[in-house]
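Remarks on the structure that follows.
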Amino acid sequence: MTRAVTRAVVYDESALLALGSGNRLASQFIANTEHSATRHVYVPTLCLAAADANREGIAEHVGALPSADIVELDFAGASAVGALVRGGLSWRIAHAVHLARPSLAWPDGCPVVTRSPDLYEKTSLVRTIRLPDHP
């Protein structure tokens, strides 16, 4: 019997902006997730807010996608993100890092889909998937 592998990714602000501008790989992750119960795309609310501030309408677009799981900050998340911000990360990157790091739900963590993997180089336990700059 073959067991399905569950996979998840975290979209940061740059990935959301790429999705909004028609990037094929960013769209493909979302489309593949929609057709599979074993795939997840997590969208940190702070990344979504930052993307919408840069490109009006992104929040409504992403919010309408049934396969995008928008993740809010709870108390533990706010505490973790606050510590990351004190350590020098921007608040939106800190939220993506918090979701990407290993947890009970995701013992191996989840890679961050991004156009800027260099922003995550100094963070521990975070893998990235680089989106190409072209659509």
Shortest non-hydrogen contact from Pro44 to Ala96?
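Answer, listing the atom of Pro44 first, then Ala96: CG-CA, 3.9 Å.
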Set of side-chain contact (heavy atoms from CB on, under 4.5 Å) partners for [X], sequence neighbours left out:
{"X": "Leu125", "answer": "Arg101, Pro102"}
{"X": "Gln28", "answer": "Leu25, Asn32"}
{"X": "Leu89", "answer": "Leu84, Ile93, Ala94, Val97, Thr123"}
{"X": "Thr33", "answer": "Arg39, Val41, Ser67"}

Provide the full list of side-chain hydrogen bond (donor to acceptor under 3.5 Å, both in side chains) pairs with a residue in residues 69-80, sequence neighbours left out, each pair given once.
none
Listing request: all side-chain hydrogen bond (donor to acceptor under 3.5 Å, both in side chains) pairs with a residue in residues 52-66, at least two apart in sequence or in separate chains.
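Sorted pair list: Glu13-Asn54.
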How long is the straight-line distance from [atom2] of [Y] back to [atom1] of [X], given to the nearest 0.5 Å?
{"X": "Ser27", "Y": "Leu19", "atom1": "OG", "atom2": "CG", "result": "5.0 Å"}
{"X": "Tyr11", "Y": "Leu99", "atom1": "OH", "atom2": "CG", "result": "14.5 Å"}
{"X": "Ile70", "Y": "Thr45", "atom1": "CD1", "atom2": "OG1", "result": "8.5 Å"}
{"X": "Leu48", "Y": "His95", "atom1": "CG", "atom2": "NE2", "result": "10.5 Å"}
{"X": "Tyr42", "Y": "Cys110", "atom1": "OH", "atom2": "SG", "result": "6.5 Å"}

Would you check if Pro111 and Val10 make a side-chain contact, meaning some heavy-atom pair closer than 4.5 Å?
no
Within the side chain of Arg127, is there an N or O that forms a donor-acceptor pair under 3.5 Å with the backbone of Asp108?
yes
Is there a donor-acceptor pair closer than 3.5 Å between any side-chain N or O of Ser116 and the backbone N or O of Leu119?
no
List the steps, then state whether side-chain contact (heavy atoms from CB on, under 4.5 Å) holds for Arg7 with Phe29.
CA-CA 11 Å; Arg7 300 185 191 277; Phe29 274 115; over 6 Å; no
Taking a hydrophobic cluster as the set of Ile, Leu, Val, Met, Phe, Trp and Tyr residues connected by side-chain heavy atoms closer than 4.5 Å, whether directly or through intermediates, do Val112 and Leu73 fall within one such cluster?
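They do not share one cluster, since no chain of ILVMFWY contacts under 4.5 Å joins Val112 to Leu73.
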Same cluster or not: are Leu131 and Val62 linked, directly or through other Ile, Leu, Val, Met, Phe, Trp or Tyr residues, by side-chain heavy atoms under 4.5 angstrom apart?
yes
For Thr128 and Thr114, does a side-chain donor sit closer than 3.5 Å to a side-chain acceptor?
no
I'd like to know if the side chain of Ser14 pairs up with that of Asp12 as donor and acceptor (distance under 3.5 Å, no hydrogens or angles considered).
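Asp12 and Ser14 do have a side-chain donor-acceptor pair below 3.5 Å.
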I'd like to know if Asp133 pairs up with Arg130 as an ion pair, taking the criterion as any Lys NZ or Arg NE/NH1/NH2 lying under 4.0 Å from an Asp or Glu carboxylate oxygen.
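Looking at Arg130 together with Asp133, the answer is yes, because their closest N to O distance falls below 4.0 Å.
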